[in-house]
Structures are given as structure tokens and as C-alpha cells.
Amino acid sequence: MGYTTTFQALRERIAQFEGRRSDPILVACRDDRIVGLIAVHLTPMLHLAAPIARITTLVVDPQAHGSGIGRALVDAAEKLAREAGCALLEVTTALHRTDAQAFYRAIGFDPSAVKLQRSLA
């Protein structure tokens, strides 16, 4: 996805989510090798009656692109969200990631908002 990190840093970040029911992480394996990962954040919203599920990370090994792994991970996240009582599954992606935007649109996501941010660094 264009983010550089070390295996150890990634391990430490994943460990932060351990035991948090609001932040499940699902992996896709093929031949005993991880080929994809999706992380979801489940959260209540003050303005909505039901909680929402937000895909915070979706990564698929480039060699596995086009094989259905991304779609399968999103489907698994949707199932998990429905079971948690969520009424909405959403995702954000950077404006320059037109490939990701095309993927999400192709599997049924519609543009619905503008995301604005302010750095706190």
C-alpha cells in the first residue's frame, strides 16, 4: 500500500488490538502463507441508531491481486459487522488510490462523504 514498515513494528501495532472486540483483524491464507489482511473498527455513532463498521486496513499480496481474496475479506468483514449489529460498512481510501476506489465501487461501495483531516504532529 506504499507504507514502509518493519515486521517488528507491524507485530507491535497488531498486538495493540489483541483482545479488543471492537477492532477485529482477519487474515486470508493460501498454502500456509498469509496473502491478505483486513482490519475493521466497530463503533457506535451518536447520530445513528446502530453501530457502524469501518474497514481501516485491507491489504492483499500483489501476487494474489485479482484472485478474489480482497472480495472474500470484505465479505467476511461484512458478515462480522452484521453479526455485531452494524447497519453500515464503510471504507476510506486516499484520493490518489484510484485502483482501490475502483475495487470498492466494483464490489458495491458508493461514494458518500468527503473526509477532511488535520495533522496533530
Side-chain angles (χ1 to χ4, degrees):
M1 289 179 43
Y3 304 106
T4 56
T5 189
T6 65
F7 182 76
Q8 183 58 33
L10 185 57
R11 181 188 296 254
E12 291 169 5
R13 288 183 198 151
I14 289 173
Q16 293 176 27
F17 295 95
E18 211 169 310
R20 291 180 57 167
R21 294 175 51 107
S22 63
D23 295 279
I25 298 172
L26 308 171
V27 296
C29 297
R30 182 177 283 164
D31 300 325
D32 295 327
R33 191 170 79 80
I34 294 175
V35 293
L37 175 145
I38 193 167
V40 181
H41 179 68
L42 309 173
T43 187
M45 301 297 278
L46 192 57
H47 65 285
L48 298 173
I52 67 163
R54 177 175 293 146
I55 297 171
T56 60
T57 304
L58 174 59
V59 181
V60 175
D61 184 324
Q63 295 178 350
H65 283 185
S67 67
I69 290 171
R71 179 183 294 265
L73 285 166
V74 171
D75 288 348
E78 181 177 330
K79 181 177 185 287
L80 188 147
R82 286 180 189 279
E83 291 170 355
C86 294
L88 180 72
L89 177 62
E90 69 178 19
V91 63
T92 60
T93 187
L95 291 173
H96 71 275
R97 306 235 20 248
T98 55
D99 57 336
Q101 293 167 38
F103 166 76
Y104 290 120
R105 283 189 177 103
I107 63 170
F109 285 80
D110 295 313
S112 64
V114 173
K115 177 184 169 186
L116 305 172
Q117 64 185 28
R118 178 189 291 186
S119 174
L120 300 179

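Because the structure is predicted, anything quoted here is derived from the model rather than measured.
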Inset, instruction - Nearest 0.5 Å please: distance from the OG1 atom of Thr98 over to the CZ atom of Arg105. - result: 10.0 Å
Legend entry - Between CD on residue Glu90 and CZ on residue Arg54, distance to nearest 0.5 Å: 4.0 Å
Inset, instruction - List the atom of Ile34, the atom of Cys29, and the distance in Å for their closest heavy-atom pair. - result: CG1-SG, 4.0 Å
Legend entry - Exam field: side chain His41 to backbone Ala53, donor-acceptor pair closer than 3.5 Å: no
Legend entry - Atom pair CG/CG of Leu26 and Asp75 - distance to nearest 0.5 Å: 11.5 Å
Inset, instruction - Any chance you could measure Ile55, atom CD1, to Tyr104, atom OH, to the nearest 0.5 Å? - result: 5.5 Å
Legend entry - Heavy-atom pair of closest approach, residues Gln16 and Arg20: O-CD, 3.5 Å
Inset, instruction - Decide, yes or no, whether a salt bridge links Arg33 with Asp61 under the criterion of side-chain N to carboxylate O below 4.0 Å. - result: yes
Legend entry - Verdict with reasoning, Arg11 to Arg13, per side chain to side chain contact (heavy atoms under 4.5 Å, CB included): CA-CA 6 Å; Arg11 181 188 296 254; Arg13 288 183 198 151; over 6 Å; no
Inset, instruction - I would like to know whether Asp99 and Arg97 meet side chain to side chain contact (heavy atoms under 4.5 Å, CB included); could you show each step before the answer? - result: CA-CA 5 Å; Asp99 57 336; Arg97 306 235 20 248; 4.0 Å; yes
Inset, instruction - For the pair Leu58 and Val91, evaluate side chain to side chain contact (heavy atoms under 4.5 Å, CB included) and give the outcome as yes or no after the intermediate values. - result: CA-CA 9 Å; Leu58 174 59; Val91 63; over 6 Å; no
Inset, instruction - Return the minimal non-hydrogen interatomic distance between Arg30 and Ala64, and the atom names on each side. - result: NH1-CB, 4.4 Å
Inset, instruction - Locate the shortest heavy-atom distance separating Phe109 from Val74; write the atom from each residue and the value. - result: CE1-CG1, 3.9 Å
Legend entry - Transitive ILVMFWY side-chain link Phe17 to Val27, under 4.5 Å: yes
Inset, instruction - Determine, using the 4.5 Å side-chain heavy-atom cutoff (strictly less than), whether Val59 and Ile25 are members of one ILVMFWY cluster. - result: no
Legend entry - Rounded distance [0.5 Å steps], OG1 in Thr56 versus CG in Asp23: 7.0 Å
Legend entry - Nearest non-hydrogen partners of Leu73 and Leu37, listed with the distance: CD1-N, 3.5 Å
Legend entry - Single-linkage hydrophobic cluster, 4.5 Å side-chain cutoff, Ile14 and Val40 together: no
Inset, instruction - First locate atom OG1 of Thr93, then atom CZ of Phe103, and finally report the distance between them rounded to the nearest 0.5 Å. - result: 11.0 Å
Legend entry - Closest contact, heavy atoms only, Pro51 versus Ala84: CG-O, 4.2 Å
Inset, instruction - Output, in order, the C-alpha distance, side-chain angles, deciding distance and verdict of side chain to side chain contact (heavy atoms under 4.5 Å, CB included) for Cys86 and Leu42. - result: CA-CA 8 Å; Cys86 294; Leu42 309 173; 3.9 Å; yes
